[in-house]
Amino acid sequence: MRQIVMNNKLEIPQIGVGTWTLRGETARQNVRLALEAGFRHIDTARGYENEAEVGQGIADSGVPREEIFVKIGI
């Protein structure tokens, strides 16, 4: 997937998966499936109140954490 170079020289995947409306098991499954499909950018925030499910989806995917860019808003 194409990368974007940020002002601080950090490279992130151009396309990410948003988790704003995802809750419970749906959040976990969607994050896992997105990572299995090749996405490596997860957009989430504390205010979404789905941190545990997003984290579990990442763990369930089997994709090494260092390969995933997680954007965490407030």
Side-chain angles (χ1 to χ4, degrees):
M1 182 172 296
R2 186 176 169 157
Q3 302 282 313
I4 294 174
V5 180
M6 306 301 283
N7 290 338
N8 63 358
K9 307 299 182 214
L10 179 68
E11 291 187 23
I12 68 169
Q14 183 174 15
I15 299 173
V17 174
T19 63
W20 174 47
T21 61
L22 302 177
R23 298 288 179 267
E25 184 64 14
T26 301
R28 186 190 67 76
Q29 286 181 6
N30 276 272
V31 169
R32 178 183 55 82
L33 290 170
L35 291 168
E36 288 175 357
F39 287 88
R40 293 296 183 266
H41 177 170
I42 305 295
D43 183 349
T44 191
R46 290 183 195 107
Y48 301 169
E49 299 179 357
N50 61 6
E51 293 168 282
E53 293 86 353
V54 169
Q56 191 60 55
I58 291 170
D60 292 350
S61 75
V63 175
R65 177 60 183 89
E66 59 271 8
E67 292 181 17
I68 304 168
F69 180 84
V70 180
K71 179 201 167 278
I72 303 173
I74 54 172

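Numbers here simply count residues along the sequence, with the first being 1.
- Residues R40 and L35 form a side-chain contact, since some pair of their non-hydrogen atoms from C-beta on lies under 4.5 Å apart.
- By the 6.0 Å contact criterion, CD on E49 is open, its count of non-hydrogen atoms from other residues, nucleotides or ligands being 12 or less.
- The CD atom of E11 lies 11.5 Å from the CE atom of M6; values are rounded to the nearest 0.5 Å.
- Residue-environment remark: CZ (R46) stays at or below the threshold of 12 foreign heavy atoms within 6.0 Å.
- Under the 4.5 Å side-chain contact rule for hydrophobic residues, I72 and I4 do not share a cluster.
- Hydrophobic clustering, with ILVMFWY side chains joined whenever heavy atoms are under 4.5 angstrom apart, groups F39 together with V31.
- Within the 4.5 Å cutoff, no side-chain heavy atoms of P13 are placed close to those of R2.
- Of the possible polar contacts, none joining the N50 side chain to the A27 backbone as a donor-acceptor pair under 3.5 Å is found.
- Here the side chains of N30 and V17 are not in contact, with every heavy-atom distance at 4.5 Å or above.
- Counting heavy atoms of neighbouring residues, nucleotides and ligands inside a 6.0 Å radius, atom CG of N7 does not exceed 12 of them.
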Under 3.5 Å, sequence neighbours excluded: what are the donor-acceptor pairs made by side chains of residues 52-64?
from : atom 1 : to  : atom 2 : distance (Å)
Q56  : NE2    : D60 : OD1    : 2.7
D60  : OD2    : R28 : NH1    : 2.5
S61  : OG     : I58 : O      : 2.7
S61  : OG     : V63 : N      : 3.1

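- Relative ring orientation between F69 and H41 is described as perpendicular, the plane-to-plane angle rising above 60° on a 0-90° scale split at 30° and 60°.
- I12 and V70 are assigned to two separate hydrophobic clusters, defined by single-linkage of ILVMFWY side chains at heavy-atom distances under 4.5 Å.
- Side-chain N or O atoms of R65 include one that pairs as donor or acceptor with a backbone N or O of I68 at under 3.5 Å.
- Atom CE of M1 is surrounded by more than 12 heavy atoms from other residues, nucleotides or ligands within 6.0 Å.
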